[in-house]
Every structure is written in C-alpha cells, then in structure tokens.
Engineer: 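What follows is a single structure, and I will ask about it in a moment.
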Amino acid sequence: MSGLDGWAFLADFARMSTFGATAGGGVDRQAGTDADGEVRAWFAELLRTHGFVVHQDAIGNLFGQVELVPGAPYVLFGSHLDSQPLAGRYDGAYGVLAAAHAAVRVLAAHRAAGTLPRYNIAVVDWFNEEGCRFKPSMMGSAVATGKLPLEVALDTTDPAGTTVRGALERLGAAGADSLPEIAAYGEIHIEQGPSMQETGVTIGAVAETWCAYKYEVVVHGEQGHTGSMRMADRRDALLGAAHVITAVNDLIRSFPEETLHTTVSEMYLEPNSPVTIAREVRMLIDLRAETTDELERAFDLLQQRIAAIEEQTRTRVEFLSSSVWSSGPFIDAGVRLVEEAAADLGLTHTRVKTLAGHDATNVKDIVPTVLVFIPSVDGISHNEKEFSTDADMLAGLDVFERVVRGLADGALDVVGS
Ligand code: HGY
Ligand code: MN
Ligand code: MN
C-alpha cells in the first residue's frame, strides 16, 4: 500500500530532527531562519515524493494538496515546523510529519480499494506558530483564519529589525497561492504538560483550550550614573520591571492552586550598561487560565499592583499590545472520533484540555477541528529535554490516520454536534 509504516515514520522523524539540531539534543528552528528554510525544503520534497502539489501562501504557510475528487473542498491536517530557541524536537514537527504520513496512508488505502473520499486532502506547515522571533504566536494560522491582517503580520519585526516580509522573501517562502477551501482540520501534538503521563494514557482527545492573555509592556525610567546619582532621584526602569515580574507571579496567590499560570519570559533592557541606570525595559507578560473571567480578574489585580510600583519606583508602565485567545470547546463529534479510534486500537485515552495554544486553537473557530495529544515525558516542553517515546508517536500516528480517514469521509459533516 503506502509503504509508509512505523519504521518509515521514525526514519523521517530522525532526518527532520537534524535540521537546526542543537548540541543539547533539541532543535533551534526559529521562524524564517535558515534552519526553518532547510526543514521546509525537506518537507516540501517529502510531500512531492508522495504526490502532493506543494504551495506557499503570502504569510509563508507551506501546504501540499492531493485532489482525488475534482472540485471538492479539502480537509486539512498539520502543525508547525518552527521552534522556540534551544527547544524540543517534537513540538509541532511531530504533528506536521504525522499529518503527512497519515494522509499518504489514507490516500493509498483509497487507491488500493478503488474508493474516493468525500473531500480532498491537504497537509500544512503553519508559519511561525511559536511567535518567538516574530510575535504573536500562531501567526500563520491567525492570518489564514482572518484573525491577524496579512500586512500587519508581514510588517512585524524581530529584535534585530528584520520584518517577516524580509525573512520570507529571503527564504523564498513568500508565496502567491492561497489555502484551498477547507471543510475540517485535524492536528496531533505533544501534550507539553504532565497530565497524560500522570494518568497513564497514550491518547488525549482535546475537548477544550485554556485562554491566554499576553501583553507587551514597556517600563519607562531615566538613565543616570549608578554611582553618583542620588537614590531619591533615580527612576530605575529595571527596578520597576523587577517589581512587575514578581507582581505577575504573586497573582497566582489570589487563585486556587494551578488555576492561573503566569510568567514574564522575555525582556529587553536599554541601555543595558554596567554603570548606567536603565531607561527602558520591554517585557512579555503571559497569563493563562481556564476562563477569560479569571484572566480579567488577574489583569485587574495586576493593574492595581502596577499603580503602586509606578509610584514606588517613579517609573511608568506602558501596555503596548496584547495577543489573546479565549477558551472554547472542540466539536464533540471530533472528540468522539478520537476516542473511538483509540478504543478500536486498544489504546488508553482520555479527554484533556490544552493549556498551550496551537494552530488548531485558531482554526477551530472557523471549521470543525480535531486536536489529538500524545504524552510528553515529565511534561517537559520548550526545552531540549522535551521527549515523547517512539511507541507513543506511532500509536498517535495510527489514531491520527483514522482521524484523517474519518474527516476525509465527512465524519464531521454533522450539524450542531
Ligand atoms: O503560546 C502558546 O501557548 C503556543 O505554544 N505558541
Ligand atoms: Mn506547538
Ligand atoms: Mn511551542
């Protein structure tokens, strides 16, 4: 049939993991870098080898299409090949390769049986899901789903001042094609958390997503001499930022344990010089919770703390921009499809929530969407130590093959499910 068995998947996964490979056993394939360009080129060739016609759209989404049913819409499957700095080999990349292998298996089965699916099949690598070099995260799918204007995305710059437009043109990744009309979307991903390992299940049927509020803020101060300036006269932006960082962490004490997750994870300092008091600190505040009500309450508490910090440190905290996504269910017929596929394969499974954002987070708001998880060992992710077992990857691939088959045959053509 397809010739793509588990061994073929593991061989492709090993090859894929060499692109941007780091000494610590992970990858560094930030969006629009050479490493991203190299893995994209390899993946495009893999798709062509299996009969896909490969395209790129204007925001660098890379996708392959096979049209078995002339003129019919497509069902789309994929994830992202870009990574965080010094990160893991599995986040995103597993799902892109699993989508390709599952699609090839399903197409081969239809050809061998002389049958046709209801929908054509496409596979996608969404551009810049991670949003590290270029914020916000999930950029390619946000543009494709109309949540982020294309020009705004293309004009986004990285810390060195390179635009998304410039990075895409440099890689030859600024395409002129458009994604086809899609009837449904499916994604498989690592959990990036510990719950599935703790409950001992192999397959997670994602039923809901947590919400996220991410804010770019600037703490404004005044440069001065670290030795001669009187303490009473200082407007130290780094001191103000330090208080904001601890205030962001303190928020969790106003909520039941593990119901609010907060971090400041990115910071740029000006002038960042040994004998000069900081004039400016730019930071990214990341708040996550099950509901937007909780995030609104957390944001209000933070604003109260910031008012006191500004007065105490004589600095000014400016909120520049925000990137948010709200909670919301995945279509129940899709969750049940995953549960049935896992049960048929004799795999342990459970319904889970995703605390991380995914491209499926965007796409679920426009078409019926299925998101499948496999376990992350010790819940580690965005870390070179990120790991999922070969057995879990292959089990997930077998489940995802059934998801691809089901969606291509119209399993989610359900009304009001
Ligand atoms: O922001 C997120 O949660 C996603 O991993 N990019
Ligand atoms: Mn991811
Ligand atoms: Mn990620």
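Computed from a predicted model, the values in this text were never measured in an experiment. Numbering of ligands and ligand atoms starts at 1, following listing order.
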Engineer: Does a salt bridge link Glu339 with Arg351, judged by any charged N lying under 4.0 Å from a carboxylate O?
Structural biologist: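 Yes.
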Engineer: Quick one: do Arg118 and Asp413 make a salt bridge, cutoff under 4.0 Å?
Structural biologist: yes
Engineer: Identify whether the distance between the nearest side-chain nitrogen and carboxylate oxygen of Glu38 and Arg29 falls below 4.0 Å.
Structural biologist: no
Engineer: Under a strict 4.0 Å criterion on non-hydrogen atoms, which protein residues are in contact with ligand 1?
Structural biologist: Glu129, Ser137, Lys214, Arg288, Trp325, Ala356, Gly357
Engineer: Please determine whether His189 has a backbone or side-chain N, O or S atom lying under 2.8 Å from the Mn ion (ligand 2).
Structural biologist: yes
Engineer: Check this for me, if you would: do Arg48 and Glu45 make a salt bridge, where the nitrogen-to-carboxylate-oxygen distance has to be below 4.0 angstrom?
Structural biologist: yes
Engineer: How are the rings of His189 and Phe373 set to each other: parallel, tilted or perpendicular (split at 30° and 60°)?
Structural biologist: tilted
Engineer: Using the ring centroid of each side chain, check whether Phe19 and Phe43 are separated by less than 6.0 Å.
Structural biologist: no
Engineer: Let's test this: below 2.8 Å, count the protein N/O/S atoms around the Mn ion (ligand 3).
Structural biologist: 4
Engineer: Under a 4.0 Å N-O cut-off, is there an ion pair linking Arg402 with Asp398?
Structural biologist: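 Answer for the salt bridge query: no.
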Engineer: Is Asp378 salt-bridged to Lys385, going by a charged N under 4.0 Å from an acidic O?
Structural biologist: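 Between Lys385 and Asp378 there is no salt bridge, as every charged N stays at least 4.0 Å from the carboxylate O atoms.
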Engineer: In terms of relative ring orientation, are Tyr94 and Phe13 parallel, tilted or perpendicular, with 30° and 60° separating the classes?
Structural biologist: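 If you compare the ring of Tyr94 with that of Phe13, the planes turn out perpendicular.
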Engineer: Is there a donor-acceptor contact under 3.5 Å from the side chain of Glu386 to the main chain of Asp91?
Structural biologist: yes
